[in-house]
Amino acid sequence: MMRWSIATVCLGGGLETKLAAAARAGFRSVELFENDLTFFPGKARDARRLAADLGLEIVALQPLRDFEGATGPARARNFERARRKLELTRDLGAPLLCLCSSVAEDASGEPERIVADLAELADLARQYGLRIGYEALAWGRHVQDWTAAADIVAKADRANLGVVLDSFHICARGNPIAPIADLPAERIALVQVADALALQMDPLSLSRHYRCYPGQGDYPIVDYLEAVARAGYAGPVSLEIFNEQFRGASAASIAVDGMRSLRAAGETLAARGVAGFAAPPRAPEVLAPDFLEFAASGKDAVDLADLFAGLGFVCTGRHRSKMVDLYAQGGVNLVINREKEGFAHAFQLLHGPSVCALTLKVDSVERAMERARAMEVPAHAGRIGPAEKLIPAVGGVEGSLIYFVDDKGPDWRDDFVSDVEAPAGPLTRIDHLSNVVRRGEFLSWSLFYKTVLGLLAEPQVEIADPHGAFYSRSLRSPNGALRIALNIGDGGATGVSRFLDAFGGAGYQQIALATDDIFAAVEAARGRGVEFLPIPDNYYDDLATRFEIAPDLLERLRALGVLYDRVKEGEFLHVYTRAFRNRFFFEIVERRGYDLFGAANTPARLAAQANLDEAEARIVAVAAI
Ligand code: MG
């Protein structure tokens with residue numbers, strides 16, 4: 001049976017950190033990149049012991065480079081180099097040394113010569129009791145395709161020589177995947193797996209910066225693994241990701257992401273009936289966001305309650321024993337937690353007034369928690385939440401919590417004294433939420449939502465910010481009940497950067513609430529003093545040139561600062577409140593058959609927010625003079 005492995009090159013830090021992170025994430029095998037050994041203060045045998053103590057088997061050392069096709073003294077030098085690497089491989093206790101196809105300009109491309117070099121190298125390796133794996137680099141001088149590497153390996157015909165398959169090179173070159181299933185299993189020395197974004201660029205740059213874990217990119221990784229399994233391969237499958245964002249993040253969390261991505265791939269393989277893969281408990285069905293919890297205190301809490309009231313919410317419950325209030329309207333429940341100790345308080349000290357938790361109503365809490373465990377997400381320990389009852393939870397973005405509730409478990413509403421009915425509207429439900437995350441966390445949270453909550457990801461979109469760029473990827477549950485947009489930004493003064501600075505990290509920035517009548521909702525909210533983002537007149541002049549739009553509708557939009565988008569399927573009307581303490585804002589949306597997020601208007605929103613922030617900065621500057 002195939003076993004999951006990770007190459008040390010995926011992780012940041014020194015060798016000891018990398019190995020410990022891999023072991024903690026549940027890996028039992030690692031592939032060692034020679035640089036990690038070069039900078040390790042001990043000997044190869046010490047590294048071997050270190051790995052063994054952590055329960056890790058070193059499955060391969062890599063790479064031996066620019067070996068085959070050399071002539072004259074260079075060829076002799078290459079064999080000398082190979083001998084030293086074989087000694088190192090032996091000292092590490094690894095069974096395999098990986099050779100990458102040569103990129104040397106003067107390397108001969110003569111097939112007979114390459115075949116002879118590999119045969120001789122395999123014979124040398126046999127003296128050490130070792131195997132050689134040959135990998136076609138997509139940018140190799142003469143050998144670029146796995147089919148070519150496999151052909152050479154077959155011709156060299158040594159029992160201890162096989163091909164190293166790497167999904168990155170195979171997919172970047174557009175090599176066929178299905179014929180991998182016809183390879184004799186004993187001719188596959190190692191299987192490496194890396195996904196990548198389908199960007200049009202040279203494969204070397206793509207490989208160095210845009211590799212990612214299975215499921216984080218666009219390559220058909222599951223097809224690849226299925227072909228490998230059908231070939232009868234039963235060795236290690238090793239993640240091999242070159243990506244500076246990975247190395248810049250915590251090795252522990254990146255190692256866990258790796259395991260999570262492989263478990264998710266294994267789930268799809270099991271569903272396809274490929275033997276040897278276990279299906280984890282199914283992801284929960286998310287029925288609806290049940291409540292959003294805000295942590296706030298003092299004047300912040302008072303002003304936030306005012307904002308809720310302005311938006312038409314009514315305080316429908318006070319907690320029996322805690323400083324926690326429930327505000328409701330339609331199907332939307334918002335909670336303000338003003339406690340002076342506990343989780344929400346600690347979160348507020350770190351981030352200021354903020355969304356500290358999201359509660360999801362699911363079909364089964366038990367399965368949601370089992371699924372989380374299977375994806376290496378620990379249950380949040382301790383007494384948590386606004387309820388007296390223990391609500392099962394896991395950690396979300398920046399240490400916020402995701403609680404799970406279902407029909408079988410205790411009802412958190414029982415903890416509230418309530419004698420007021422929630423008004424039916426105009427706001428009816430949470431339409432979507434957005435998380436702003438650091439660039440280096442984007443793939444990680446995308447993977448989390450996909451694997452733990454079973455959300456489906458849509459392609460990433462790129463939008464101009466007045467101070468840089470804005471990238472967004474939306475994720476949604478298959479039934480559409482939960483939609484989360486993950487946003488990142490580039491540029492020091494972008495809206496995303498300003499948020500990250502103000503917030504002290506990643507978090508919930510946008511809470512979009514649905515209505516059936518946006519004009520009534522906005523008029524009522526304005527009447528109660530809610531301030532919305534001012535939209536320049538020019539936006540509406542431009543709108544009239546983009547769409548054929550009834551003059552009275554255009555004037556209503558303009559009068560209330562409501563944004564508008566239209567696609568074939570329908571129309572979208574939406575409006576944003578001014579940000580609360582520069583941290584989060586509400587959006588009110590009316591969908592008329594429209595199923596997107598209004599990304600066409602995101603530049604208008606970002607520009608309006610930038611204008612406001614600049615105006616505020618000018619006021620502060622004047623006040624300081
Ligand atoms: Mg490779």
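As the structure lists them, so they are numbered: ligands from 1, and atoms in each ligand from 1.
The N, O or S atom of Asp166 lying closest to the Mg ion (ligand 1) is OD2. Closest approach between the Mg ion (ligand 1) and any N/O/S atom of Glu135 involves OE2. The Mg ion (ligand 1) sits nearest to atom OE1 when only the N, O or S atoms of Glu240 are considered.
The ring of Tyr219 has its center no closer than 6.0 angstrom to the ring center of Tyr224. Between Phe242 and Phe168, the ring centre distance reaches or exceeds 6.0 Å.
Environment of CZ in Arg113: crowded, with over 12 heavy atoms of neighbouring residues, nucleotides or ligands closer than 6.0 Å.
In summary, an N, O or S atom of Gln192 is located under 2.8 Å from the Mg ion (ligand 1).
The side-chain heavy atoms of Trp4 and Arg28, taken from C-beta on, include no pair separated by under 4.5 Å.
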